[in-house]
Amino acid sequence: MPAKDICHDAVKQALNKDGWTVTHDPLHLKYGGFDFFVDLGAEVLLGADKDGQRIAVEIKSFIGPSSLTEFHAAVGQFLNYRLVLAEEEPERLLYLAVSEYIYQSFFTTVFGQAACKAHQLRLLVFDEEQEVITQWL
């Protein structure tokens with residue numbers, strides 16, 4: 001099982017504050033002879049007579065020396081996890097969780113915006129200190 005990201009607990013707490021119940025930590029999927037571990041699985045019940053929503057969240061801190069290298073690894077994981085989820089749990093939406101600082105310093109650049117659009121990335125942006133979700137993109 002992979003090591004937890006340094007922001008793992010902050011994202012987990014932020015999801016709880018936003019009304020989500022973390023159901024898997026990590027979300028383990030088996031597909032095509034491989035094991036995949038998405039950082040978190042969560043769900044929210046919309047109402048007594050409505051279907052709930054289910055998500056999977058991959059958390060990235062971008063703590064390496066190059067944000068671009070970190071982004072390459074994050075997108076690779078995101079695309080692979082999205083493929084596996086489409087086969088194994090198609091009702092679950094995948095989000096990439098990044099801190100507000102990383103969002104502002106990387107994902108709002110021309111390249112970051114173009115890459116998010118081209119790869120159809122869903123972002124969960126969180127405030128690491130307050131442990132709250134600030135944006136769902």
Side-chain angles (χ1 to χ4, degrees):
M1 189 168 357
K4 290 183 179 179
D5 189 274
I6 62 170
C7 299
H8 186 93
D9 291 336
V11 173
K12 190 173 176 179
Q13 184 62 22
L15 285 167
N16 287 330
K17 287 181 179 178
D18 203 51
W20 292 87
T21 300
V22 174
T23 57
H24 300 80
D25 183 6
L27 174 61
H28 179 211
L29 302 164
K30 287 181 172 265
Y31 181 75
F34 293 95
D35 291 306
F36 296 88
F37 296 93
V38 185
D39 289 322
L40 296 171
E43 64 184 27
V44 63
L45 185 62
L46 297 176
D49 59 346
K50 295 182 180 177
D51 291 334
Q53 294 179 338
R54 300 175 72 199
I55 60 172
V57 179
E58 181 61 19
I59 304 163
K60 291 296 174 201
S61 295
F62 286 71
I63 57 174
S66 167
S67 294
L68 195 55
T69 299
E70 297 289 318
F71 181 72
H72 292 163
V75 168
Q77 278 186 300
F78 186 92
L79 295 176
N80 288 334
Y81 292 164
R82 186 169 61 195
L83 181 153
V84 173
L85 283 167
E87 295 294 325
E88 297 297 314
E89 296 194 30
E91 73 286 354
R92 196 181 291 273
L93 296 177
L94 178 62
Y95 285 86
L96 179 64
V98 296
S99 70
E100 187 69 41
Y101 173 76
I102 295 301
Y103 175 72
Q104 292 298 332
S105 64
F106 184 84
F107 286 89
T108 59
T109 64
V110 171
F111 173 76
Q113 293 286 305
C116 283
K117 183 177 179 182
H119 299 299
Q120 301 174 353
L121 301 179
R122 288 188 185 92
L123 298 178
L124 180 168
V125 183
F126 65 95
D127 180 318
E128 193 171 353
E129 291 183 18
Q130 300 295 318
E131 298 181 334
V132 295
I133 296 168
T134 57
Q135 297 184 71
W136 293 91
L137 303 168

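Values in this document were obtained by computation on a predicted structure and should not be read as measured data.
Between N16 and T21, the shortest heavy-atom distance links the atoms OD1-CA, 4.4 Å. Considering all non-hydrogen atoms of both residues, W136 and W20 come closest at CZ2-NE1, 3.4 Å. Looking at every heavy atom in both residues, G41 comes nearest to R92 through CA-NH1, 3.7 Å. Taking each heavy atom of D25 and D39 in turn, the nearest pair found is OD1-O, 3.6 Å. Considering all non-hydrogen atoms of both residues, V98 and F62 come closest at CG1-CE1, 3.9 Å. The heavy-atom pair separating F126 from C7 by the smallest distance is CZ-CB, 3.7 Å.
Between E89 and L27 the shortest side-chain heavy-atom distance falls below 4.5 Å. L29 has its side chain out of reach of F34: every pair of non-hydrogen atoms, C-beta onward, lies at least 4.5 Å apart. With a 4.5 Å cut-off on side-chain heavy atoms, E131 and K17 count as touching. Looking at L15 and L124, their side chains come closer than 4.5 Å, going by heavy atoms from C-beta outward.
V11 and V132 fall into different hydrophobic clusters, where Ile, Leu, Val, Met, Phe, Trp and Tyr are joined by side-chain heavy atoms under 4.5 Å apart, directly or via other members. Taken together through direct or relayed side-chain contacts under 4.5 Å among Ile, Leu, Val, Met, Phe, Trp and Tyr, V38 and Y31 form part of one hydrophobic cluster. The hydrophobic cluster containing I133 does not contain Y101, counting ILVMFWY residues as joined when their side-chain heavy atoms lie under 4.5 angstrom apart, directly or transitively. Cluster membership check: F78 does not share its hydrophobic cluster with V57, using side-chain heavy-atom separations under 4.5 Å among Ile, Leu, Val, Met, Phe, Trp and Tyr. No path of Ile, Leu, Val, Met, Phe, Trp and Tyr side chains, each step under 4.5 Å between heavy atoms, connects L93 with L85, placing them in separate hydrophobic clusters.
E58 contributes no side-chain N or O that, together with a main-chain N or O of L96, makes up a donor-acceptor pair within less than 3.5 Å. With Q113 contributing its side chain and F107 its backbone, the two residues share a donor-acceptor pair below 3.5 Å. Under a 3.5 Å cut-off, the side chain of K12 and the backbone N or O of L40 do not form any donor-acceptor pair. Checked by atom type and distance alone, the side chain of Y81 pairs as donor or acceptor with a backbone atom of F37 at under 3.5 Å. Panel note: side chain R82, backbone Q120; a donor-acceptor pair is recorded below 3.5 Å.
Note that the CG atom of L83 and the CD atom of E88 stand 10.0 Å from one another [nearest 0.5 Å]. Here the straight-line distance linking atom CD1 of I63 with atom OG of S99 works out to 11.5 Å at 0.5 Å rounding. Distance check, rounded to the nearest 0.5 Å: CD1 of I102 to NZ of K60 gives 12.5 Å. With rounding to the nearest 0.5 Å, the separation of CG in D127 from OH in Y103 is 14.5 Å. Rounding to the nearest 0.5 Å gives a distance of 9.5 Å between CZ of F36 and NE2 of H28. Put simply, CG on L79 and NE2 on H119 are 6.5 Å apart, with the number rounded to the nearest 0.5 Å.
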side-chain contact (heavy atoms from CB on, under 4.5 Å) evaluation trace for L137 with Y95: CA-CA 9 Å; L137 303 168; Y95 285 86; over 6 Å; no

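Within 6.0 Å of CZ on F111 lie more than 12 heavy atoms contributed by other residues, nucleotides or ligands.
Every side chain to side chain donor-acceptor pair (under 3.5 Å) that S66 has, sequence neighbours left out, goes to T69. Residues that satisfy the side chain to side chain donor-acceptor pair (under 3.5 Å) test with K117, not counting sequence neighbours, are absent from this structure. With sequence neighbours excluded, the residues forming a side chain to side chain donor-acceptor pair (under 3.5 Å) with E100 are Q104, T134, listed by chain and number.
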